[in-house]
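Note that the coordinates shown come from a computational prediction; the quantities given were computed from them, not determined experimentally. To find a chain, count down the sequence lines: A is the first, B the second, and so on, and within it residues start at 1. Heavy-atom basis, side chains included; hydrogens, waters and symmetry copies ignored.
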Amino acid sequence: MSEFKENVIAYVARVPKGKVVSYGQVATASGSPRAARQVGGVLRALPSDSGVPWWRVVNRDGYLSIKGNWEASKELQKQLLEKEGVVFDDNFTIDMKRFGFRDGLK
DNA sequence: TTACTGACTCGGA
DNA sequence: ATCCGAGCCAGTA
């Protein structure tokens, strides 16, 4: 298993309930700042019983960018987040200032 | 091994 | 503020 993949999973796993992070943030924290798209690829490949809170990862603008055949997952993601207290505004967008997870990595 | 893909981002118009 | 084009690079075939 690649290190990048492991890092992504490890990082996402420690995002607190009720908070969200961007793909780019995860990529940076995983050692490859320009691999934001790959983060999506890793999450997409996760088995449903992985226990990884993939739904807490959104794009930098705070909305869900899943498309195509993943529309169903997109709806699921929204519901899971709202269940955790994350609020979507009229444009289906999350206020990253309020719900963005600031990591303490220093 | 090479080729293609895209659950992203950034910078310029 | 909004839209658009192109780089990015780990996965997958």
Please produce a list of atom pairs where a protein N or O lies less than 3.5 Å from an N or O of nucleotides 8-10 of chain B.
{"from": "B:dC8", "atom 1": "OP1", "to": "A:S65", "atom 2": "OG", "distance (Å)": "2.4"}
{"from": "B:dC8", "atom 1": "N4", "to": "A:R37", "atom 2": "NH1", "distance (Å)": "3.2"}
{"from": "B:dT9", "atom 1": "OP1", "to": "A:Y23", "atom 2": "N", "distance (Å)": "3.3"}
{"from": "B:dT9", "atom 1": "OP1", "to": "A:G24", "atom 2": "N", "distance (Å)": "2.6"}
{"from": "B:dT9", "atom 1": "OP2", "to": "A:R60", "atom 2": "N", "distance (Å)": "2.8"}
{"from": "B:dC10", "atom 1": "OP2", "to": "A:R60", "atom 2": "NH1", "distance (Å)": "3.0"}

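Using a 4.5 Å heavy-atom cutoff, the side chains of A:L43 and A:V26 are not in contact. Looking only at side-chain heavy atoms (C-beta outward), A:V42 and A:F4 come within less than 4.5 Å of each other.
For the pair A:F4 CZ and C:dT12 P, the computed distance is 12 Å after rounding to whole Å. Between the C1' atom of B:dG6 and the CG atom of A:L64 lies a distance of 17 Å, rounded to the nearest Å. The interatomic distance linking A:E75 (CD) with B:dA7 (C1') rounds to 15 Å, in whole Å. Atoms CG (A:L81) and C1' (B:dA7) sit 13 Å apart, rounded to a whole Å. At whole-Å resolution of the value, CD1 in A:I9 and P in C:dA10 are 15 Å apart. Rounded to an integer number of Å, the gap from CG of A:L43 to C1' of C:dA10 is 13 Å.
Contact annotation: A:S32 side-chain N/O to C:dA10 OP1/OP2 distance is under 4.0 Å.
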Check: Are A:R98 and A:V86 close enough, and set up right, to give a side-chain contact (heavy atoms from CB on, under 4.5 Å), and what steps lead you there?
Finding: CA-CA 9 Å; A:R98 281 217 293 157; A:V86 175; over 6 Å; no
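Nucleic acid contact class of A:A45 (heavy atoms, under 4.0 Å, all strands): sugar-phosphate only. Note on A:K5: only backbone sugar-phosphate atoms sit closer than 4.0 angstrom, heavy atoms only; bases stay farther off.
No side-chain donor-acceptor contact under 3.5 Å links A:Y23 and A:Q38.
When all heavy atoms are compared, the tightest approach of A:A27 to A:A35 is CB-C, 3.7 Å.
Annotation: of the two residues near DNA chain C, A:A35 and A:R44, the 5′-most nearest-nucleotide partner is A:A35.
Evaluation of the side chain to side chain contact (heavy atoms under 4.5 Å, CB included) rule for A:E84 yields A:K17, A:W55, A:R56, A:L81 as partners, not counting sequence neighbours.
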